Amino acid sequence: MEGDAVHRTAARLDTLAGTTVVRADLRHPAVAGTDLRGARIVGTRAHGKHLLTRLDLDGRRLTLHSHLPMDGAWTLMRKHRDDGRPALPRHLLPKLRAAVTLDSGVSLVGLGIPVLGLLETRDEHRVVGHLGPDVLAGQPTATQEEFDTGEAVRRLRRDPSRPLVEALLDQRGVAGFGNLWAVELCFLRGRWPWTPVGDVELEPLLALGRRMITHSLEHGTGMTTTGNRRRGENHWVTGRSNRPCRRCGTLVRFRPAGTSPGAPLARPAAIHAREVWWCPSCQPEP
Ligand SMILES: [Zn+2]
């Protein structure tokens, strides 16, 4: 999931601030059995792809921490069954990780969320402290007020030989870019995705990425990087393998996940090597 989608979720969850938990069913091993009844929701913030829902339980400040991958989601449900549980369609039950019912009659339902934890709010750094600056810092839903470009560049260049696309996906460098933004940014800056990150001028790339992802968040454009929402025309290169580049007509190339042409064979498959699309003319190999 991309940072703009996570911040959009944070904004939705933040509307629950001020409500009180009347029933909580947390199925994740790390939090199972925790009794959250009576907790007041303080608010929800995001850092990159991490969500922090803050609670006040009799003066104890707690944070429900979750991390959203591609298919995980928090949704709000207003329909409930006779026993008070949210009326979740049967086929979604195996994915249910959390159901928190509030005194407003709304339930917060977590589906397919692999990372869910409860910690003291003052210890939030333990779960987000390793992350780089949030590309959406400064947004009302962000924990960070300002994006520290210098810090992001320093972190991205820690391993200057690392391929650009991998560095952008590693949340310890900058937090919030997913595969779509990383691949599209390489195209828009005319860089071959496996260019060593140390050879790339990162300041303008980060400024462009922040401008685009902020626009997407503020205007709800979601998954378009071209400004065109029509399917097949909403991305520059992503999902367009063997189709003509929208800029120059050259056929777009595709590299499946887990491979990285720039890396020596002895190097283990990088964990951030995901599916990559690029135009060999607009993004020439150096
Ligand atoms: Zn091209």
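Note that ligands are numbered from 1 as they come in the structure, with each ligand's atoms numbered from 1 the same way. Side-chain atoms are counted along with the backbone in the values below, which use heavy atoms only and exclude waters and symmetry mates. In this text, all values refer to a predicted model and were calculated from it rather than measured experimentally.
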Legend entry - From Leu131, Val127, Val6, residue fulfilling side-chain contact (heavy atoms from CB on, under 4.5 Å) relative to His47: Leu131
Inset, instruction - From the options Thr53, Val109, Leu68, select the one residue that forms a side-chain contact (heavy atoms from CB on, under 4.5 Å) with Trp74. - result: Leu68
Legend entry - Near-ring test Trp278/Trp236, centroid separation under 6.0 angstrom: no
Legend entry - Protein N, O or S within less than 2.8 Å of the Zn ion (ligand 1), waters excluded: Cys245 SG, Cys248 SG, Cys279 SG, Cys282 SG
Inset, instruction - Keeping the roles fixed (side chain from Thr214, backbone from Arg210), state whether a donor-acceptor pair exists under 3.5 Å. - result: yes
Legend entry - Residue list, side chain to side chain donor-acceptor pair (under 3.5 Å) with Thr238, at least two apart or on another chain: Glu184
Inset, instruction - Would you mind checking if Arg162 and Asp170 are paired as a salt bridge, meaning a charged N to carboxylate O distance below 4.0 Å? - result: yes
